[in-house]
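I have placed the structure first, in the form of structure tokens, so that the comments after it can refer back to it.
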Amino acid sequence: MTKNKSDNFNQRYSLSLDKSLFPTLRLVTSGIFEKDMSWITTNDSKSDTSVTTLRPSVDLTLNTLLYTAGIGYNRRDETSKTSGTPDSTAINEDFHALFGWRPVGLPKVDLLLTRSNTFDASRLLRDSTNDRVLLSMRYLPLKSLDLKYQGVYSDATDRLQGFESRELTNSGRFTYSDQFFKQRLLVNTTYNVTRQDTKTFTTGAGEIPIQLFPFNGLYAPSDTPAVAALASFPALINGDAATSAGIDSLGVPTPGNGETRPRNIGVDFVNPTEVNTLFVFVDRDLPPGIANFFSWDVYTTSEDPGSGNPEWTLVKTIAAAPFTPFLNSFRFQIDFPNVTARAVKVVVTPLTPVAAALTPTFQNPDRIFVTEVQAYIRKSANEVKGDAGRTSHIYNMDVKARLLDVLALYYDGSFFFTRTSPSSTTRYTLSNGLHLDHTFNDMISGSSRVAREDDEEPDGHRVSYLYSASLKAVPVKTLSHTLIYSGRNEAISGKTKNTNSLTLYNYAELYKGLNLNLSGGATFVTTETGVKEENYNVVFGANIVPNKTLSMNVNYTFNKTNTTGGLTSQATGLFQQRAELNATFRPFATLYLFASLGMVDQDSKTDTLMNYGANWSPFPDGTIQFNFSYNESLRTQDNSKIRLITPSLSWKVTSYSLLDVAYAFTTSDSITQTVDSKIFNVNYKIFF
């Protein structure tokens with residue numbers, strides 16, 4: 001039996017100044033001192049650890065209607081001391097200057113200059129400098145025309161590894177969107193061109209990270225990462241590492257309301273691209289106990305990641321990715337073996353209440369927002385020594401036209417083209433379709449579409465025929481039924497693949513506060529190799545709100561897949577059903593109760609998960625506020641039971657000081673281990 005005892009003492013002092021020196025000149029400066037000390041006893045073995053962090057920063061900004069100019073500096077010194085090991089100090093400092101010009105009727109210009117130095121105190125383990133210049137311009141000469149240019153020059157030097165890399169990237173984007181003939185014709189087109197030149201000097205070994213520029217960002221919450229279709233999220237790759245990209249937080253989900261499924265976050269290159277590193281940026285600094293909680297699963301696919309059920313392949317699982325500051329931002333570095341794929345993603349589960357409770361000084365554990373995702377390929381210095389260049393072109397055009405006045409008959413066409421050199425990789429997709437919408441009467445309407453797609457890909461020319469039809473009935477306002485059929489027939493190199501599916505959706509609002517939905521369908525696929533797949537699914541959901549204090553949700557899904565034929569001629573089957581019931585109850589403003597019960601049955605293996613808890617704040621408006629929270633979860637898969645009890649007290653001593661006291665009791669019991677944790681936390685804040 002292992003017995004662990006730990007005592008922690010955390011200090012944090014901050015001083016900040018935000019002052020307008022003139023109406024347009026603003027000075028912001030701050031200094032933060034943190035020291036975390038812990039004394040750990042494991043059986044008879046003792047160890048002492050302390051981490052001291054010093055973070056000074058200063059920014060001076062001049063801002064007018066015409067232009068913006070500013071300079072700044074920030075530094076982070078982190079010294080770690082552990083009994084029995086040498087002390088270590090890691091230092092990261094950033095210098096930055098910016099200029100922005102916003103003339104009326106002319107291109108807007110933004111210039112950013114940065115220098116980042118990373119080293120240890122003795123400069124024996126790390127000593128590197130990264131200089132970066134970013135110039136961006138945007139011009140809107142017409143309402144329908146948008147022109148963008150971005151140039152990035154970077155000079156990275158690693159003095160210990162003995163290499164220097166200079167990289168210049170120029171990219172332009174043309175976007176045109178307009179309507180013609182009284183909105184009967186809609187045209188939207190974009191063209192992107194990027195040129196990247198790299199020059200490398202080396203006298204030693206080491207690796208050089210080369211940034212890649214994906215076509216789109218990807219995101220979806222999903223607990224089936226192997227077949228998850230991801231939605232387009234351009235904000236994930238817009239270069240802004242400070243602002244949330246608008247996806248679900250990685251923090252603790254709100255009880256009874258927050259999205260708890262794993263986050264699938266990635267990028268789409270369109271062309272197969274070699275990659276081995278992803279940087280995932282978040283909007284705040286995370287203490288080690290929080291940053292090390294997250295586990296990252298890396299997946300890749302060569303299919304379109306946003307359509308159907310793309311097949312994702314697991315590449316690697318990273319238990320705890322390195323987390324470091326970078327140019328006024330914070331990022332996880334996720335390294336994995338070299339892969340060549342169209343898209344790559346990471347799957348990460350949100351922070352749990354128990355994990356957050358183990359770091360009581362961490363504020364707002366529900367707010368950890370992803371801001372940016374960047375992709376890199378790390379190559380050895382000798383491999384990329386010399387000059388290298390890469391050019392990529394991406395063109396897209398969408399056209400929609402109404403053909404008739406009597407019938408709502410439309411033509412929709414699209415053309416997508418991409419080319420990369422010097423590899424001379426070329427791909428294009430040409431689509432031509434007809435779409436018909438028709439309303440039969442006040443209750444019944446329908447639509448149908450037929451289309452042909454021609455794809456030129458590295459593995460050959462593909463011809464696909466797509467067809468779909470839907471019928472919707474709304475007999476009353478609170479009741480609707482929709483029947484959808486879709487099919488796809490595609491041929492490549494003499495081999496064909498057929499897909500057909502039929503789905504029925506039903507929705508009913510039986511009473512005010514009682515909504516039901518029921519859907520079911522089947523999909524039949526015959527692949528190029530003769531494999532036949534049959535997939536059947538049923539989804540049921542109910543939302544019950546009998547009054548403003550009580551809310552309940554019931555969800556059930558059933559999925560069965562049968563596979564026959566192919567090379568083995570052996571039939572296989574997969575079966576899964578999932579049910580969940582959750583409820584929240586707020587009898588009065590100061591008391592919040594929640595409970596959930598979930599069951600997953602997959603291939604005759606059943607896993608049950610139960611979670612319930614309460615939050616009570618009897619004095620929400622006084623200078624002394626007491627809070628009591630209780631959370632317990634049970635899972636049959638590993639016979640685990642986790643209980644978290646946290647009483648806390650917040651006292652506004654004066655208008656300039658605040659005292660927070662919390663005591664967290666955590667008990668975790670499973671078939672592999674038992675852990676009891678008691679954390680007492682006192683936090684006294686003084687404001688000037």
F279 six-ring centre to R331 NZ/CZ under 6.0 Å and within 45° of normal:
yes
Straight-line distance of L430 CG to D454 CG, nearest 0.5 Å
5.5 Å
Would you say the side-chain atoms of T636 pair up with the backbone N or O of T608, donor to acceptor, closer than 3.5 Å?
yes
Donor on one side chain, acceptor on other, N555 and E580, under 3.5 Å
no
To the nearest 0.5 Å, how far apart are CD in E456 and OH in Y428?
5.0 Å
Assess K560 against F575: is NZ or CZ under 6.0 Å from the centre of the six-membered ring, and within 45 degrees of the ring's axis?
no
Can you tell me how far the NZ atom of K497 sits from the OG1 atom of T499, to the nearest 0.5 Å?
5.0 Å
By ring-ring contact (aromatic ring centres under 6.0 Å, His included), which residues pair with Y612, not counting sequence neighbours?
none
Using the six-membered ring of Y411, assess whether NZ or CZ of K400 lies under 6.0 Å from its centre and within 45 degrees of the ring axis.
no
So, does N582 use its side chain to make a donor-acceptor pair with the main chain of A595 at under 3.5 Å?
no
Residues D335, K316; criterion salt bridge (charged side-chain N to carboxylate O under 4.0 Å, His left out); working and verdict:
CA-CA 9 Å; D335 297 325; K316 186 179 181 181; over 6 Å; no
Among Y507, Y505, F540, which residue meets the side-chain contact (heavy atoms from CB on, under 4.5 Å) test with L518?
F540
